[in-house]
Amino acid sequence: MSRKPRKNEEDNGFAAWGGYMEAKKAKLAEQFSKVTVGLTNKKSDIFNGIAILVNGYTKPGADELKIFMAAHGGNYHLYQNQGGCPTTHIIATNLPNTKINQLGNVPVVSPEWIVDSISANKLLDFKKYLLYTNHSRTQPKLNFPAMGKDKNAVPSPEQPQKYAKTATDPQFLSDFYNNSRLHLISTLGAEFKQLVNKLREESNSQFPGLDKLIQSKSDAGITTETPLKSEKIIMHIDMDCFFVSVGLRNRPELRGKPIAVTHSKSGKSNPNGSNRQAEVDLYMKRLPSGVIPKLDLIDETSSMAEIASCSYEARRCGVRNGMFMGSALKICPDLVPIPYDFEGYKQVSSILYHTIAEYTLDIEAVSCDEMYVDVTKILKKSGITVVEWASHIRHEIMERTGCPCSTGFGANRLQARLATKKAKPNGQYYLEPEEVDNYMYDLPLEDLPGVGYATIIKLHNLGLKTCGDLYDISLSTLKNELGQKNSEMIYDQARGIDKKSLNYEHERKSVSADVNYGIRFKNHSEALVFLESLSNEVYNRLSEIKMKAKTITLKLLTRAEGAPKETAKYLGCGVCDAINKSITTSYYLENPQHIFKEAKNLYERLSIIPEDLRGVGIQLSKLEKIAKTNKALAKFLNQPSNVGSNLTDRNESFDNSIGGIQDNNVKISHNKNTNFTTMEKTVTQDIKSSSKQDKVTGTVSKRGRSRGNMNTLKATSNLTNYFKHTKNESATKEFKSGNNSIDLNVLKELPKDIQKEIMEEYNLFDTAFDKLENKTASDNTNEKQNLTTKDNKNNENQELKKKGFASLSKEELKILLKNWIRNQEIPKDRDVDMLGTFFTNLVQERKLEYLFSMVNLLYRHISTKNCQWHDAYYKLLNHFQEAMLLTYGNTLLVPKGFFCGQHN
DNA sequence: ATCCTCCCCTAC
DNA sequence: TAAGGTAGGGGAGGAT
Ligand SMILES: Nc1ccn([C@H]2C[C@H](O)[C@@H](COP(=O)(O)OP(=O)(O)OP(=O)(O)O)O2)c(=O)n1
Ligand SMILES: [Mg+2]
Ligand SMILES: [Mg+2]
């Protein structure tokens, strides 16, 4: 009797067709393009005396290797020579045993030997690139120790491990990602979503493609305009068997054949003949009942490389994307494997997106080969029909990419998507409104997007097979099985309804990096080394999108109880349990050290057995944009200045702390003469290249030069000076040259175009600046803060309500705070966020005095013994400082009464 | 009622 | 041999 699967059991990823491929890598291709540049002439003689024969598919290909040899003094043989000028090396990436038997004692070497030698500009020892360690005709052995079996095998110095095999190899992460198709499609998907955002942002609303279309239509003298059949017409467009089509562009001889893009070349695997049955049995046992197993066609030697994409000829015999090559060959023995071409996919995707973008930017990117487009405007403006448009755009894409695509049209995204499915391959279909009901009635439920294998089992359990079957069932029955939202979605979908509109502006909510392949560790320290490189990886992705995070999740896969240590799939994860753990930090995760520190912590708390690890992932969520740095201010901070010089020499300085919390980015000083305090926060420059933070202001102030010099005054203790300062033409000039800090009051007096530039950088033009125009900056010019008038208070409450925290007046807030403090309550995150938003508001409205009294109140509290508010307080200060920075630039004038030094 | 966390599910 | 990633919607159930 099979037990009920636990929730967190990894089903081995095989339950749904996963899909994968073959071929050498993008990295190599890159190397290749580097070394081929300008290779028409002889470059060197490094291959003098070497004669190669290329056997089978290699990367670089035979043609390229031929050019390399010619350019670097070597010989290239078409057939193996024995005497005279004998063939010295066979170049191959993979050779079946039978082939090796015929080769005699000529070493079989990987093509990387050639490429690397050229890169190094000397002949490298080929032994390091041998495909096999010996030439035994019967037992070819891979040039690296088999994992698990020869645990103690150390790569010999003669033949160091060339390929990053498991995650203990420092090269592993990049090798893996360079060869992972799923990583590629995820990355490309994100890139194209980003591209649409960017194109929309930068758009001048000119659409050359559309203009041409309108022109040609009017040239043809056709003016009749049939009204559209629905308010909107949505197009869904998707490349046909994308990876295959790209691969066939330069393999015309393979057209019409069953093709699969996969890493597998021979269709075989498991050279050691290890037993796979145990894993297959366990996998079957753990399958939820009703799931069709995907391992049933696998025997001891069939390839478990996944098929990323297969041609429609292959689909005719039941092959699907994501199938194992071995299984596919069982049902389609003629299936031809072709290698991946990562660069090609990227190029074709790019052309696809840029082509559509010549007509409209009402695009929702779905993936590298697929998008939704609102074509209503195109059809209306050009006056062409859906069919004419479809033919036009499909033809253009075919012309530009050499790859076929299909398009579907409908009144909503669901209808468009279903239409595409019907149109494929290489077709187009408009699911017209009057046809929808009929079309849906017989449609199998699994054809609805979002209905996968788990959902279809539930639906089948309810006796439901087609969309029509859903017409007889109540929504509440459905809800019992599927839950609220899912039920509503399917209920609507079955009737052809889709309320979701296209989302053109994509916003990232999480960033992650996962590796569930090649994970084999002997001990914790190996695991932690890998975790650190994964932390760096995920940090790089975070910083690329200029964000910081508050939550980190460690995602581990561990070998399931009873699962064999040696997985059926080479270096796969086998049958696993999933363990995840997350933490929401009190500070922002914004450098690799933060991430690794927390990841390590989570790892240690999970107390797993390192040998049983099969997968590791890090996910970051609760993302926020890193505050933009103002270029003028960044420039200012980058050069020596005399910020605060007239203060620090003769006044007390409160080094690097506000409210007693150490922050190396913040410099605070107090001028006793004027009773104003200056707080400066340095801006971190170029986070990526260096984690070292620039502390210009902190060091410069010690120089004490230019004391009292009005023209070089950057930060002053007196607001009146600011105004004087900016009425001065030379000061304006100085600011222009990036040599000055800026206050909104100063900004107001600068030429409009400069104002605009600065404000746009801050992204505050519409908000803070307008506010400044309309209101007077009373709060911080007048030390006696007016208590809120009734009107103000109403406005404020309105604002607060908009931000989601009810009508909390300042007085009420004060009481709340006092109560917390009196009751020794620790504020919850949501409270802190609320306060933070409130603080930000106050800063933007320049209600500083009030704000400072709040901060001081808080500070006095955390200074008390046993107070547990530190996390909350630190978090608040982050809000507060960020708002300050945004509103005031790097320099802040603080009125009398703000306590910012050490409390005693 | 709404929010938070830990999952599960789906899609490419 | 093989490269089983990644983002987002949403549900269950406990906390607030
Ligand atoms: N399990 C999968 C599914 C897809 N892909 C990759 C290869 C596909 O070519 C590409 C696009 O996915 P599609 O779902 O659009 O499938 P195809 O384009 O291959 O075929 P179709 O004609 O059905 O769109 O994504 C993959 O690697 N593994
Ligand atoms: Mg496709
Ligand atoms: Mg697609």
Side-chain angles (χ1 to χ4, degrees), chain A residues 6-16 18-25 94 142 146-147 163-166 172-173 175-190 193 238 242 262-272 274 301-306 308-309 321-322 324-326 340 366-370 449-455 479 482-487 489 500 506-519 541 551 553 555 557 567-574 576 578-584 614-615 617 619 621-622 828-831:
Chain A
R6 290 203 314 270
K7 292 279 188 197
N8 63 345
E9 277 176 356
E10 175 63 24
D11 63 16
N12 199 7
F14 299 147
Y20 301 8
M21 37 165 129
E22 106 90 315
K24 276 290 164 190
K25 48 230 86 179
N94 178 290
L142 290 178
M147 201 51 203
Y163 302 100
K165 202 171 56 111
T166 74
F172 176 81
L173 204 57
D175 261 26
F176 171 68
Y177 279 134
N178 282 334
N179 289 286
S180 161
R181 79 185 202 281
L182 289 176
H183 170 69
L184 180 85
I185 62 176
S186 294
T187 309
L188 289 184
K193 282 171 189 173
D238 187 297
F242 184 44
T262 167
H263 279 307
S264 168
K265 293 170 191 122
S266 63
K268 292 282 169 228
S269 73
N270 197 13
N272 314 333
S274 62
T301 61
S302 44
S303 164
M304 292 181 80
E306 283 186 46
S309 180
N321 288 1
F324 288 138
M325 189 57 183
Y340 286 96
V366 175
S367 74
C368 62
D369 88 325
E370 185 177 342
V451 176
Y453 90 102
T455 311
K479 276 177 187 164
L482 302 176
Q484 178 81 28
K485 297 279 190 119
N486 287 339
S487 303
M489 180 59 97
K500 216 175 140 204
H506 177 76
E507 227 188 291
R508 259 279 228 155
K509 298 197 176 83
S510 70
V511 180
S512 61
D514 299 35
V515 179
N516 298 318
Y517 176 86
I519 300 295
R541 298 181 192 183
T551 299
T553 306
K555 310 193 287 178
L557 291 187
T567 53
K569 179 172 178 149
Y570 176 66
L571 292 180
C573 63
C576 283
I579 314 172
N580 302 328
K581 193 158 188 67
S582 72
I583 181 169
T584 298
R614 291 291 180 269
Q619 183 181 66
S621 50
K622 300 228 174 103
K828 299 287 176 290
D829 270 4
R830 58 173 5 156
D831 301 320

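Lettering of chains follows the sequences in order, A, B, ..., and the numbering in each one begins at 1.
Nucleic acid contact class of A:Gly518 (heavy atoms, under 4.0 Å, all strands): none. A:Phe242 comes within contact range of no nucleotide atom at all, as no heavy-atom separation falls under 4.0 Å. Residue-level contact check: A:Arg614 touches neither bases nor backbone, having no heavy atom under 4.0 Å from any strand.
One can place CZ of A:Phe176 at 5 Å from C1' of C:dA3, the figure rounded to the nearest angstrom. Distance A:Ile579 CD1 to B:dC6 P: 14 Å, rounded to the nearest Å. Atom-to-atom, OH of A:Tyr453 to C1' of B:dT10 comes out at 11 Å; the value is rounded to the nearest Å. For the pair A:Met304 CE and C:dA3 P, the computed distance is 10 Å after rounding to whole Å. Regarding A:Asn580, its CG atom lies at a distance of 14 Å from the P atom of B:dC9, rounded to whole Å. The interatomic distance linking A:Asp514 (CG) with B:dC12 (C1') rounds to 15 Å, in whole Å. The nearest whole Å value for the distance from the NZ atom in A:Lys569 to the C1' atom in C:dT1 is 10 Å. Between the C1' atom of C:dA7 and the CG atom of A:Leu182 lies a distance of 13 Å, rounded to the nearest Å.
Partners of A:Asn270 under the side-chain contact (heavy atoms from CB on, under 4.5 Å) rule, at least two apart in sequence or in another chain, are A:Ser274, A:Arg276, A:Glu300. With sequence neighbours excluded, no residue forms a salt bridge (charged side-chain N to carboxylate O under 4.0 Å, His left out) with A:Lys622. By the side-chain contact (heavy atoms from CB on, under 4.5 Å) test, A:Ile519 pairs with A:Ala167, A:Val515, A:Phe521, A:Phe530, A:Leu613, A:Val616, sequence neighbours left out. Legend: residues meeting side-chain contact (heavy atoms from CB on, under 4.5 Å) with A:Thr187, ordered by chain and number and at least two apart, are A:His183, A:Glu191. With sequence neighbours left out, A:Ser582 forms a side-chain contact (heavy atoms from CB on, under 4.5 Å) with A:Thr551, A:Thr553.
Taking side-chain N and O atoms only, A:Thr455 has no distance below 4.0 Å to OP1 or OP2 of B:dC9. For the pair A:Ser264 and C:dT1, the criterion of a side-chain N or O lying under 4.0 Å from OP1 or OP2 is not met. Applying the 4.0 Å criterion to OP1 and OP2 of C:dT6, one finds that A:Tyr177 has a side-chain N or O inside that range. An OP1 or OP2 oxygen of C:dT6 is reached within less than 4.0 angstrom by a side-chain nitrogen or oxygen of A:His183. A close approach under 4.0 Å does not occur between any side-chain nitrogen or oxygen of A:Asn179 and OP1 or OP2 of C:dA2. Under 4.0 angstrom from either OP1 or OP2 of B:dC6 there lies at least one side-chain N or O belonging to A:Ser582. Note on A:Ser303: a side-chain N or O is less than 4.0 Å away from OP1 or OP2 of C:dA2. For the pair A:Ser269 and C:dA2, the criterion of a side-chain N or O lying under 4.0 Å from OP1 or OP2 is met.
Candidate nucleotides C:dT6, B:dC6, C:dA2 were compared by shortest atom distance to the side chain of A:Tyr517, and C:dA2 ranks first. Comparing B:dC9, B:dC12, C:dG5 by their nearest atom to the side chain of A:Ala454 picks out B:dC9.
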- Starting at the 5' end of nucleotides 8-14 of chain C, put B wherever the base has a protein heavy atom under 4.0 Å, S where only the sugar-phosphate does, and a dash everywhere else. SSSS---
